[in-house]
Amino acid sequence: MEDLVITHYLTIPAGELQAVYSRSSGPGGQNVNKVNTKATLIWDLNSTQALFPSTLVRLKALAASRITDEGTLKIHSQVYREQSRNLQACRDRLRNLVLEALKPLVVRKETRPSAGARRRRLSDKKAVAEKKRGRSDRWE
């Protein structure tokens with residue numbers, strides 16, 4: 001297996017990645033019962049040197065459901081009938097996951113509603129209350 005290039009400055013070494021193949025439940029007809037086409041890409045996050053600790057924390061949060069108790073990230077693919085295409089799909093998913101973890105967190109700047117927005121909200125509330133008051137069973 002070759003290194004996984006994420007960006008021009010980040011590459012996951014091939015030695016940190018492991019590919020495991022098993023029988024797929026996807027397309028393939030009778031071939032499905034004979035050939036190991038499902039690919040699983042395994043990456044030990046506890047021993048990786050490829051990511052900064054802050055990126056690793058965000059990656060663990062993003063992929064929490066795919067991380068085992070031992071700290072390994074497992075990505076599966078069984079979409080295609082070929083091992084190589086399923087492995088490439090796993091590598092693409094891992095690349096997208098790491099790219100998402102690399103994005104800086106955007107802190108929301110707290111804002112207040114404008115005076116006009118407050119007036120509109122209150123007038124809408126009064127209109128709804130008036131409409132409901134008009135539906136009451138008070139016949140005078």
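All values below come from the heavy atoms of this structure, side chains included, with hydrogens, waters and symmetry mates left out.
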Inset, instruction - Could you identify which residues cluster with Val107, counting Ile, Leu, Val, Met, Phe, Trp and Tyr as linked when any side-chain heavy atoms lie under 4.5 Å apart, either directly or through a chain of such contacts? - result: none

Legend entry - The single option from His76, Gln18, Gln78 passing side chain to side chain donor-acceptor pair (under 3.5 Å) against Thr40: His76

Legend entry - Glu100: partners by salt bridge (charged side-chain N to carboxylate O under 4.0 Å, His left out), with sequence neighbours left out: Lys103

Legend entry - Sequence-distant partners of Gln88, side chain to side chain donor-acceptor pair (under 3.5 Å), two or more places apart: Asp92

Legend entry - Distance in Å, Tyr21 OH paired with Leu87 CG, rounded so as to fall on 0.5 Å steps: 4.0 Å

Inset, instruction - Supply the members, apart from Val20, of the Ile/Leu/Val/Met/Phe/Trp/Tyr cluster built from side-chain contacts under 4.5 Å; use none for a lone residue. - result: Ile42

Inset, instruction - List the steps, then state whether side-chain contact (heavy atoms from CB on, under 4.5 Å) holds for Asn86 with Lys38. - result: CA-CA 7 Å; Asn86 281 327; Lys38 177 182 177 180; 5.5 Å; no

Inset, instruction - Applying side chain to side chain donor-acceptor pair (under 3.5 Å), name anything that partners Glu70, two or more places apart in sequence or on another chain. - result: Thr68

Legend entry - Approximate separation, where rounding is to 0.5 Å, of Arg81 CZ and Thr37 OG1: 10.0 Å

Show the atom names and distances, to 0.1 Å, of all donor-acceptor pairs under 3.5 Å that link a side chain in residues 7-17 to residues at least two apart or in another chain.
from, atom 1, to, atom 2, distance (Å)
Thr7, OG1, Tyr9, N, 3.4
Thr7, OG1, Leu10, N, 3.2
Glu16, OE1, Trp43, NE1, 3.0
Glu16, OE1, Thr48, OG1, 2.5
Glu16, OE2, Gln49, N, 3.2

Legend entry - Counterpart residues, side-chain contact (heavy atoms from CB on, under 4.5 Å), relative to Arg85 (two or more places apart): Tyr80, Glu82

Please output the side-chain donor-acceptor pairs of residues 52-65 that fall under 3.5 Å, not counting sequence neighbours, one pair per line with the distance.
from, atom 1, to, atom 2, distance (Å)
Arg58, NE, Ala101, O, 2.7
Arg58, NH2, Ala101, O, 3.1

Inset, instruction - Would you please name every residue forming a side-chain contact (heavy atoms from CB on, under 4.5 Å) with Arg93, sequence neighbours left out? - result: Ile75, Ser77, Val79

Inset, instruction - Answer with yes or no whether the hydrophobic clustering places Met1 together with Val5; edges join I, L, V, M, F, W, Y residues whose side-chain heavy atoms lie under 4.5 Å apart. - result: no

Legend entry - From CG (Leu41) to CG (Leu73), nearest 0.5 Å: 8.0 Å

Inset, instruction - Indicate if Leu45 and Leu99 have the same hydrophobic cluster label, given that clusters are the connected sets of ILVMFWY residues with side-chain heavy-atom separations under 4.5 angstrom. - result: yes

Legend entry - Check: Val98 and Leu4 side chains under 4.5 Å, non-hydrogen atoms: no

Inset, instruction - With sequence neighbours excluded, give me every salt bridge (charged side-chain N to carboxylate O under 4.0 Å, His left out) pair touching residues 121-130. - result: Glu130-Arg133

Legend entry - All pairs passing side-chain hydrogen bond (donor to acceptor under 3.5 Å, both in side chains) where residues 107-118 contributes a residue, at least two apart: none

